[in-house]
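What you see is a predicted model; the values in this text were computed from it and never measured.
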Amino acid sequence: QVQLVESGGGLVQAGGSLRLSCAASGRTFSNYVMGWFRQAPGKEREFVSAINWRGGNTYYADSVKGRFTISRDNAKNTMYLQMNSLKPEDTAVYYCAQRRGPNIYTASREYDYWGQGTQVTVSS
């Protein structure tokens, strides 16, 4: 079993920055992908970004490309999401997720483990 714990959410003004963290513990796999998703009230959960843990390959949703940066710290088993130039439409609960295997997918159903989520609110 894998446990994922997000932190770093909060309230920020438009144009500001936040950094989310996701600490992973429990069972590890030889290669896997970790990703960030978000869900705003009344909307479906959507893909934000993902990283292949071994190779470091990354992928971003168009809506966050150039503003968000995903990274990892192998020693700490922690993934980060640096969010800059935040907009009110970035307001959502942000979830981290993990899937076994090396390929990055954007569909939430492809991910096996999920954190509890952290709220990000961007005021205008």
Side-chain angles (χ1 to χ4, degrees):
Q1 193 70 2
V2 173
Q3 293 80 42
L4 303 174
V5 179
E6 304 97 334
S7 61
L11 173 64
V12 65
Q13 288 189 333
S17 298
L18 281 175
R19 189 177 81 155
L20 305 183
S21 300
C22 174
S25 61
R27 184 177 179 179
T28 58
F29 304 99
S30 59
N31 198 5
Y32 53 93
V33 166
M34 289 191 69
W36 289 100
F37 289 78
R38 65 187 182 186
Q39 188 166 19
K43 295 189 177 181
E44 293 188 354
R45 191 169 297 189
E46 66 173 358
F47 173 82
V48 175
S49 182
I51 185 166
N52 172 281
W53 204 259
R54 176 183 289 178
N57 300 330
T58 60
Y59 189 74
Y60 296 91
D62 288 343
S63 59
V64 307
K65 202 172 294 183
R67 299 188 297 123
F68 292 9
T69 303
I70 192 171
S71 62
R72 74 200 193 291
D73 184 328
N74 289 354
K76 295 182 178 179
N77 265 352
T78 299
M79 174 178 67
Y80 303 98
L81 185 69
Q82 178 66 44
M83 306 186 295
N84 298 329
S85 302
L86 282 161
K87 304 175 182 181
E89 51 263 45
D90 294 317
T91 295
V93 177
Y94 282 70
Y95 298 90
C96 73
Q98 185 183 107
R99 72 173 305 276
R100 291 164 286 183
N103 299 317
I104 291 177
Y105 289 86
T106 60
S108 59
R109 65 179 179 273
E110 298 291 343
Y111 289 75
D112 306 299
Y113 305 99
W114 292 85
Q116 82 288 350
T118 185
Q119 176 71 46
V120 171
T121 303
V122 184
S123 63
S124 57

Could you tell me if Arg45 sits above the aromatic ring of Phe37, with its cationic atom closer than 6.0 Å to the ring centre and no more than 45 degrees from the axis? no
List the steps, then state whether side chain to side chain contact (heavy atoms under 4.5 Å, CB included) holds for Arg67 with Tyr60. CA-CA 10 Å; Arg67 299 188 297 123; Tyr60 296 91; over 6 Å; no
At their closest point, which heavy atom of Ile51 faces which heavy atom of Met79, and how far apart are they? CG2-SD, 4.0 Å
Take a 6.0 Å sphere around OH of Tyr113 and say whether it holds more than 12 heavy atoms from other residues, nucleotides or ligands. yes
Using a cut-off of 6.0 Å, state whether more than 12 heavy atoms not belonging to Lys65 lie near its atom NZ. yes
Give a yes or no on whether a salt bridge exists between Asp90 and Lys87, defined as a side-chain N under 4.0 angstrom from a carboxylate O. no
Looking only at non-hydrogen atoms, find the nearest pair between Ser123 and Leu11 and report the distance. CB-CD1, 4.4 Å
Kindly give the heavy-atom pair with the smallest separation between Ser124 and Pro88, and that separation in Å. CB-CG, 3.8 Å
Shortest non-hydrogen pair, Asn57 vs Ile104, comes out as O-CD1, 3.7 Å
Following the transitive rule for hydrophobic clusters with a side-chain heavy-atom cut-off under 4.5 Å over Ile, Leu, Val, Met, Phe, Trp and Tyr, establish whether Tyr32 and Trp114 coincide in one cluster. no
Should Glu6 and Gln116 be marked as a side chain to side chain contact (heavy atoms under 4.5 Å, CB included) after you check the CA-CA gap, both sets of side-chain angles, and the distance that decides it? CA-CA 7 Å; Glu6 304 97 334; Gln116 82 288 350; 2.8 Å; yes
Parallel, tilted or perpendicular: ring planes of Tyr59 versus Phe47, cut at 30 and 60 degrees: tilted
Could you go through the side chain to side chain contact (heavy atoms under 4.5 Å, CB included) check for Thr91 and Gln119 one step at a time? CA-CA 8 Å; Thr91 295; Gln119 176 71 46; 4.0 Å; yes
Do Met34 and Leu4 come within less than 4.5 Å of each other through their side chains, counting heavy atoms only? yes
Quick one: do the Arg54 and Asn52 side chains pair a donor with an acceptor below 3.5 Å? no
Closest non-hydrogen atoms of Leu81 and Ser49, given as atom of the first, atom of the second and distance, are CD1-CB, 4.4 Å
Taken to the nearest 0.5 Å, the spacing of Tyr111 OH from Cys96 SG works out to 11.5 Å
In Å and rounded to the nearest 0.5 Å, what is the CD to CD distance from Glu44 to Gln39? 8.5 Å
If hydrophobic clusters are built from ILVMFWY residues whose side chains come within less than 4.5 Å, do Phe68 and Ile70 share one? yes
Give the minimum heavy-atom separation between Asp73 and Tyr80, together with the two atoms involved. CB-CE1, 3.9 Å
Establish whether Val93 and Val48 are linked, either directly or via other cluster members, by ILVMFWY side-chain heavy-atom contacts under 4.5 Å. no
If you look only at pairs with a residue in residues 93-109, which of them pass as a side-chain hydrogen bond (donor to acceptor under 3.5 Å, both in side chains), with sequence neighbours excluded? Arg38-Tyr94, Arg100-Asp112
